[in-house]
Amino acid sequence: MTLIQTRDLFRSTLSALYQEREIDDLFKRLIHHYFQWESVKIALEPDYLLTATEQEKINTSLPLLQAAVPFQYVVEKSHFYGLDLYVNSAVLIPRPETEELVAWILQEEINPLHLMDLGTGSGSIALALKSQRLSWKITAVDISSEALKVAQYNSDKHSLTVDFLQRDLLSLDTSGFEKQDILVSNPPYVLPSERKKMHANVLDNEPEVALFVPENDPLLFYRAILEKGKELLNPKGRIYFEINPLCCDALIELCHSFGYTDVVVKHDIFQKKRMLKMSLE
Ligand SMILES: C[S@@+](CC[C@H](N)C(=O)[O-])C[C@H]1O[C@@H](n2cnc3c(N)ncnc32)[C@H](O)[C@@H]1O
């Protein structure tokens, strides 16, 4: 098949799922990912005949896209804060909001320090911070051994040293850890009642354990971290959270009830209350 015929096959196969503009964009990203071709090649060489290997490579992705598998899982790659991270269905695809959380921490925190990332997934937050602050000693925990394999792979891939540990943050034994200056977490925070407004490709493909929190206890993970923070943090230590905007007010109240001070809310680029920072006295 020629390049333009292949693009048209994508258009006809995926038309029930995506707008034509989105399909063209997916196609361009795929040919760039597999062959490093710029999108202009489609306009300049529409009749380019794909080799059998090229055709096969691109055709294997089509049924996955048709089954609404997110692009990042199809190509097993996600770009996060300047790093190309390997991702698979064991980890959440890192989100742009979380890049904003990383940017905020980097803006606020300059000095060498000890930091712990709770619920690290692909290692996105921990590795992005390490890539920008090589002197920081970073530990990262997750309950999922499969996620930790992905995080360790990414750590090796980028030669960024982070201590990845399998722990349940809801029952974390803090006695074995050095005191930390910063805790950061983007824990599961989606309420089951929010399912109906979520895309099928998120619900069917991303790990439930990374997304959902019980409807009757939306602050479960935050409460555990605030509690453990009292044991883990140095005096004046800070906590940075990514949050569900729906729970912001209740969470601020919870932070105060644990005795944390200087609680600051930060909005994301969509003007949603998305991040929280606080200090231990
Ligand atoms: C929303 S994802 C965040 C992943 C990554 N930090 C990011 O921002 O892209 C939440 C992560 O918390 C982990 N997790 C869920 N329950 C946990 C628990 N009880 N203890 C530790 N980690 C947990 C999940 O496996 C998942 O990797």
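In listed order, ligands and their atoms are each counted from 1. In this chain, residues are counted from 1 in sequence order.
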May I ask whether [X] places a heavy atom under 4.0 Å from ligand 1?
X      : answer
Glu242 : no
Pro188 : yes
Phe80  : no
Val141 : no

Is the shortest side-chain N to carboxylate O distance from Lys236 to Glu281 below 4.0 Å? no
Between Glu206 and Arg95, does any NZ, NE, NH1 or NH2 come within less than 4.0 Å of an OD or OE carboxylate oxygen? yes
Is the distance between the ring centroids of Phe221 and Tyr189 under 6.0 Å? no
Could you check which of Asn186, Leu92, Thr120 puts a non-hydrogen atom nearest to atom 5 (C) of ligand 1? Thr120
Hydrophobic cluster membership, with links at side-chain heavy-atom distances under 4.5 Å among I/L/V/M/F/W/Y: are [X] and [Y] in one?
X      : Y      : value
Leu160 : Tyr81  : yes
Leu165 : Leu127 : no
Leu211 : Val69  : no

Numbering the atoms of ligand 1 from 1, which are under 4.0 Å from a heavy atom of Thr98? 8 (O)
Using a strict 4.0 Å cut-off to heavy atoms of Phe221, name the atoms of ligand 1 that fall inside it. 16 (N), 17 (C), 18 (C), 19 (N)
If you look only at pairs with a residue in residues 26-56, which of them pass as a ring-ring contact (aromatic ring centres under 6.0 Å, His included), with sequence neighbours excluded? Phe10-Phe27, Phe35-Trp37, Trp37-Tyr48
Write out the residue and atom name of the closest protein heavy atom to [atom], then the distance separating them to 0.1 Å.
atom                    : result
atom 23 (C) of ligand 1 : Ile143 CG2, 3.6 Å
atom 4 (C) of ligand 1  : Gly119 O, 3.5 Å
atom 2 (S) of ligand 1  : Ala210 O, 3.5 Å
atom 25 (O) of ligand 1 : Asp142 OD1, 2.7 Å
atom 9 (O) of ligand 1  : Ser124 OG, 3.0 Å
atom 15 (C) of ligand 1 : Val209 O, 3.3 Å
atom 20 (N) of ligand 1 : Leu169 N, 2.9 Å
atom 19 (N) of ligand 1 : Asp168 OD1, 2.8 Å

Counting neighbours of NZ on Lys57 that are heavy atoms of other residues, nucleotides or ligands and sit closer than 6.0 Å, is the number greater than 12? no
Would the number of heavy atoms belonging to other residues, nucleotides or ligands and lying under 6.0 Å from CZ of Phe177 be above 12? yes
Tested for side chain to side chain contact (heavy atoms under 4.5 Å, CB included) against Tyr240, the lone hit among Lys266, Met278, Glu109 is Glu109
Report the part of Arg167 (side chain from C-beta onward, or backbone N, CA, C, O) that has a heavy atom under 4.0 Å from ligand 1; answer both or neither where that applies. backbone
